[in-house]
Amino acid sequence: MNSSGKSPDSSSEKDIISDLQSRNMVVQLAGGDELTAHLAEGSRVVYCGFDPTASSLHIGSMVPLLALKRFQMAGHKPIALVGGATGMIGDPSFKDSERKLNSTDIISDWVEQLKPQLSQFLDFDCGENSALLVNNLDWTQDYDVLSFLRDVGKHFAVNAMIQKESVKQRLEREGEGISFTEFSYMILQSYDFAELNKRYDCTVQIGGSDQWGNITGGIDLTRRMHQNQVFGATLPLVTKADGSKFGKTESGTIWLDPKKTSPYAFYQFWLGTADADVYKFLKFFTFLSAEQIDEIEAQDKASGMKPQAQGILAREVTELVHGEQGLSAAVRISEALFSGDISSLTAEDLQQLEQDGLPCSTISSESNGIVEVLVATELAKSNKMAREFIGNNAVSVNGQLVADQDFALTQEKALHTQYFVLKRGKKLFHLVKLVV
RNA sequence: GGAGGGGUUCCCGAGUGGCCAAAGGGAUCAGACUGUAAAUCUGACGCGCAAGCUUCGGUGGUUCAAAUCCACCCCCCUCCA
């Protein structure tokens with residue numbers, strides 16, 4: 001389990017920390033120059049934890065996950081930790097209220113769903129620095145309370161814990177409190193670091209900048225329990241220039257699971273990135289070099305036309321997450337819907353759209369009123385909203401604006417006797433099949 | 001267990017008997033302008049074509065009339081024990 005003395009992959013010109021810094025991806029460093037030297041000395045073991053808070057990771061988790069990959073590419077050994085234990089407790093860091101606990105069944109189900117997602121970006125078969133996937137439940141579930149309190153708890157001063165910025169505002173916030181359960185989260189995560197240090201000689205932990213308190217907690221604990229110096233680095237939490245929340249749209253969170261967010265929707269999400277954010281996102285979410293990205297930015301600025309960055313970002317990230325197939329499906333749909341004349345699509349094209357993951361539903365000739373169909377396809381939340389959309393000239397069928405609320409999707413109007421491409425607003429499409 | 005403060009429409013938050021489907025802000029959506037961008041402007045934002053209906057932690061009650069008053073209950077916060 002000793003770290004090998006091998007030097008990191010010589011293909012990386014810069015050291016990993018400088019590389020991350022040039023991408024503006026380093027918020028805080030615990031150890032600073034010492035950490036840089038530590039990483040330069042050889043292949044190190046780096047970990048990042050991901051708690052199961054849903055059945056899929058979302059794009060917010062991609063920054064640390066891809067950072068792990070960057071470390072691996074620089075010759076270090078990444079450990080992706082899935083928080084089977086910590087997920088049962090709930091991280092209070094910078095959360096303004098106590099969260100309700102999910103059942104243990106649900107959490108273990110989520111853990112299983114997260115594993116392949118965590119694995120897909122890392123290389124598990126590349127010799128010395130092959131990635132590792134671990135679950136912190138493995139070393140906590142059989143730890144009895146008394147031993148834990150004596151062996152681990154004793155190293156924590158509550159005085160220090162309540163000073164952590166991550167829980168301070170929660171403690172001070174009027175009308176909110178924090179349970180002992182959530183308060184203990186820091187101890188569990190700290191223990192993870194110490195345990196990984198012991199088991200795998202892990203010496204570096206990375207995480208979002210909200211994890212700073214938990215990471216430094218782990219550094220302290222590792223020193224106290226194992227007398228080892230370990231390090232930490234935090235990555236930026238992704239924010240948008242306009243202040244709205246990153247990674248959410250009307251239809252909700254952008255997930256990595258293609259069943260929850262189709263590759264098409266995923267691609268479209270990135271394509272819609274604001275100019276003010278797009279170069280930053282290229283640095284966070286792609287493996288293009290900082291120089292390449294700066295070059296793209298310079299070109300976009302010079303051209304004075306529509307920037308190319310969003311397209312590059314959408315292609316890069318979609319391919320990374322959904323593979324070549326997912327990307328080409330997403331591009332096919334996008335081109336058919338946004339650049340072509342919808343009414344000229346062939347029956348095969350339309351079938352392909354359905355296969356590629358364009359949202360699709362079936363209607364019968366008895367319930368084919370436009371209002372009804374908009375609601376059925378969830379393009380409108382209610383009849384009232386559907387009517388409003390129609391009134392606003394926001395709805396079209398097969399490329400034709402619908403102005404009449406009594407418009408019916410009849411067979412004569414269908415493409416190839418059964419298809420309708422519904423559009424609400426500028427970007428939302430839905431394929432409808434008429435069954436006679 | 002005691003004392004006090006709270007629970008309002010997605011979020012924050014006003015409202016303390018009729019003028020309340022409920023101020024204001026945020027988020028979101030649509031339209032215009034654009035580049036499937038931002039900013040800006042306009043509009044929408046419980047349900048219903050409408051008449052109207054259902055909402056303000058829950059259940060009952062008082063009243064011509066309740067988010068607002070009363071009773072009980074549930075949940076949250078603070079301090080004390």
Do any of residues 277-289 of chain A sit with a heavy atom less than 4.0 Å from RNA chain B, and if so which? none
Could you measure between the two P atoms, the one in B:rU62 and the one in B:rC70, and give it in whole Å? 15 Å
List the steps, then state whether side-chain hydrogen bond (donor to acceptor under 3.5 Å, both in side chains) holds for A:T234 with A:Q28. CA-CA 5 Å; A:T234 61; A:Q28 290 141 312; 2.8 Å; yes
Show the nearest heavy-atom pair for residues A:V26 and A:P236, with the distance to one decimal. N-CD, 4.4 Å
When you check the phosphate oxygens OP1 and OP2 of B:rA30, does a side-chain N or O of A:R424 lie under 4.0 Å from one of them? yes
May I have all residue pairs that pass side-chain hydrogen bond (donor to acceptor under 3.5 Å, both in side chains) and include part of residues 389-406 of chain A, sequence neighbours excluded? A:R387-A:Q405
Which salt bridge (charged side-chain N to carboxylate O under 4.0 Å, His left out) pairs, counting each pair once, include a residue from residues 356-365 of chain A, with sequence neighbours left out? A:R332-A:D356
Please state how far atom CG in A:L101 lies from atom P in B:rC75, giving the value in whole angstrom units. 16 Å
Both distances under 3.5 Å, Watson-Crick or G-U wobble: report the partner of B:rC72, or none. B:rG58
Whole angstrom is fine here: how far is it from NZ in A:K240 over to P in B:rG26? 16 Å
Taking only nitrogen or oxygen atoms into account, show me every contact under 3.5 Å that the protein makes with nucleotides 52-58 of chain B, one pair per line with its distance.
none

Polar-atom pairs under 3.5 Å, protein N or O versus N or O of nucleotides 79-81 of chain B: list them with distances, or write none.
none

Donor-acceptor pairs under 3.5 angstrom involving side-chain atoms of residues 145-158 of chain A: please list them, not counting sequence neighbours.
| unit_1 | atom_1 | unit_2 | atom_2 | d |
| --- | --- | --- | --- | --- |
| A:S147 | OG | A:D144 | OD1 | 2.6 |
| A:S147 | OG | A:D144 | OD2 | 3.1 |
| A:D151 | OD2 | A:Y143 | OH | 3.1 |
| A:H155 | NE2 | A:D151 | O | 3.3 |

Please state the P separation for the pair B:rA37 and B:rG52 - nearest whole angstrom. 42 Å
Please give, in whole Å, the distance from B:rC29 P to A:N393 CG? 19 Å
What pairs with A:F420 under ring pair (Phe, Tyr, Trp, His ring centres under 6.0 Å), at least two apart in sequence or on another chain? none
Those residues that, when tested against A:Y185, pass ring pair (Phe, Tyr, Trp, His ring centres under 6.0 Å) (two or more places apart): none
Write down the distance between CG (A:L374) and P (B:rA30), rounded to a whole number of angstrom. 13 Å
Once salt bridge (charged side-chain N to carboxylate O under 4.0 Å, His left out) is applied, do any residues pair with A:E112, and if so which ones, sequence neighbours excluded? A:K115
Strictly under 4.0 angstrom, non-hydrogen atoms only: write out the protein contact profile of nucleotides 32-46 of chain B, one letter per nucleotide from the 5' end, B, S or -. -BBBBBSS----S--
So salt bridge (charged side-chain N to carboxylate O under 4.0 Å, His left out) across residues 78-89 of chain A, not counting sequence neighbours, yields none
Would you mind reading off the distance between A:E372 atom CD and B:rG48 atom P, rounded to a whole angstrom? 13 Å
Any pair counted as salt bridge (charged side-chain N to carboxylate O under 4.0 Å, His left out), so long as it reaches residues 425-435 of chain A, sequence neighbours left out: A:E354-A:K433
Same-atom distance (C1') from B:rG46 to B:rC20, integer angstrom: 14 Å
